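Computed from a predicted structure; not experimentally measured. Residue numbering restarts at 1 for every chain, and letters A, B, ... go by the order of the sequence lines. Keep in mind that the numbers below use all heavy atoms, side chains included, and drop hydrogens, waters and symmetry copies.
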Protein chains: 2
Amino acid sequence: MVRQREFDVDIALDAAMQIYWEKGFEATSLSDLTSRMGIQRPSIYSAFGDKKELFEAALRKYTTYHSSNVRAKLQNRSSVKEGFRTLFEGIVEEGYSESCNRGCFCINTMVELAPHDEKFEILTREHQMYLSAIFQEAIERGLRSGELETDMNAKALAQTLVVSLIGLTVLMKSRPERSFINNSVEIILTLLK
Amino acid sequence: MVRQREFDVDIALDAAMQIYWEKGFEATSLSDLTSRMGIQRPSIYSAFGDKKELFEAALRKYTTYHSSNVRAKLQNRSSVKEGFRTLFEGIVEEGYSESCNRGCFCINTMVELAPHDEKFEILTREHQMYLSAIFQEAIERGLRSGELETDMNAKALAQTLVVSLIGLTVLMKSRPERSFINNSVEIILTLLK
DNA sequence: ATCATAACATACTTATCGGTATAATATACT
DNA sequence: AGTATATTATACCGATAAGTATGTTATGAT
């Protein structure tokens, strides 16, 4: 039965993700969304629900995409240290190259919505926990292979690297001098020894 | 000549700071501002300019207040290490105790406005640079007194602590388990040795 | 006491906000 | 072919956004 949808839900959601990522929840209007997604207002409501539900779907899409991205960066290297270096330096390069520094959609949401909306407090927290688990696995791999010989707890170290990555990502938004960032990255990476 | 202002500009600005700090720029309406500041709309415009100029004034007030707060925490201790511990643990306690976790107004602005408004990119960057300088002074004091004997560059170390503090402050918005934060703080503070 | 001036409270303007009612259109099933 | 149903585009809704015009009130200078 019935007429079928003319747009691809996943492509539309990706477009929504891009604009929410760039502008945040409040600063993005439904007109922004319709023009970027290439569909009309009622199509958004029927496919995704209201503005906030669409935002949640976009953020969920982002976190899965981001998780697998991070995992890939850490796994596609034989050296764990090099994996983390690639990850951290990637954030830095991205920050300096893009004209508008979007940063990390999840971190942006942690700042904008988590304090006022429990759903996003949980969603963003869980993503950070997941990243921490990915980091921990990588560190434990390095310990087993003998590449790392730190006496620090792998979990605690992973958590610290998550905190550092958040700090770097956020600080990049103010476009500080490269030396500031480079200095920090070097010291953070010395934790992996 | 002429009628004199019935409200205290500084008190009104403080009220504006509180609400902007709590809700951010976009989510704060002029009605929010008038009710919290206790003055009428035209009074805001005549005393502070438009919504964004008021925001800028509020942020400037915050950064000076915040800088001196941080400086005090680091200086009112004989031990530099204890000073940093007080600072970091203060952020953590604040985050868990407040019902709405406002975090740091400057960091919030770095995320919300810096990527889209050069004025705030500069303003927020300069505040972080200033904090870094305060941190560096404290570290150098510790080196001179013999309390610290790190072989790391004091400036680079200060910059790393700024990055870590940003990361902690932001992550607190998702209210992670205490152990996550405590682990991180301990490892970050081991950089000071 | 009068006058010039600026702060005040009220009420308004224009634009845009998020969200929806409506009617036309297209498709799958009988 | 006809019918039921969901999608589409258009146009609209009330509410609220930021910002301002207006007339009243208070004060310092003459």
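- Taking 4.0 Å as the cut-off between side-chain N and carboxylate O, B:E93 and B:R178 count as a salt-bridged pair.
- Separating the CD atom of B:E53 from the P atom of D:dA18 is a distance of 15 Å, rounded to the nearest angstrom.
- Electrostatic pairing of A:R3 and A:E6 counts as a salt bridge here, judged by a charged N lying under 4.0 Å from a carboxylate O.
- Rounded to a whole Å, the CG atom of B:L33 is 11 Å from the P atom of D:dA17.
- The base of D:dT27 lies outside donor-acceptor range of the side chain of B:R3, with no N or O pair under 3.5 Å.
- As a whole-Å value, the separation of B:I39 CD1 from C:dA7 P is 12 Å.
- Among A:F55, A:Y65, A:F120, A:F25, the single residue meeting the ring-ring contact (aromatic ring centres under 6.0 Å, His included) criterion with A:F105 is A:F55.
- Here B:E147 does not pair with B:R144 in a salt bridge; the nearest charged N to carboxylate O distance is not below 4.0 Å.
- Applying the 4.0 Å criterion to OP1 and OP2 of C:dA26, one finds that A:Q4 has every side-chain N and O outside that range.
- If you take CD of B:E6 and C1' of D:dT25, they are 9 Å apart, rounded to a whole angstrom.
- Rounded to whole angstrom, the span from the CZ atom of A:R5 across to the P atom of C:dA26 amounts to 17 Å.
- Donor-acceptor pairing under 3.5 Å is lacking for the side chains of B:T28 and B:R36.
- One finds no salt bridge joining A:E137 and A:R141 here, because no Lys/Arg side-chain nitrogen approaches an Asp/Glu carboxylate oxygen to under 4.0 Å.
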- Given protein heavy atoms under 4.0 Å, the one-letter contact record of nucleotides 13-20 of chain C, with B base, S sugar-phosphate only and - none, is simply ----SBBB
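- With salt bridges taken as basic N to acidic carboxylate O contacts below 4.0 Å, one links B:K119 and B:E56.
- The distance from atom OG of A:S174 to atom CE of B:M110, rounded to the nearest 0.5 Å, is 5.5 Å.
- Comment: B:E89 does not engage B:K73 in a salt bridge, judged by the lack of any side-chain N to carboxylate O separation of less than 4.0 angstrom.
- Two end axes, each from the C1' atoms of five base pairs, can be drawn for the helix from C:dA1-D:dT30 to C:dT30-D:dA1; they diverge by 0°, to 10 degrees.
- Counting non-hydrogen atoms under 4.0 angstrom, A:Q40 reaches a base of the nucleic acid.
- Relative to the side chain of A:S43, the nucleotides D:dT8, C:dA28, C:dA7 differ in distance, and D:dT8 lies closest.
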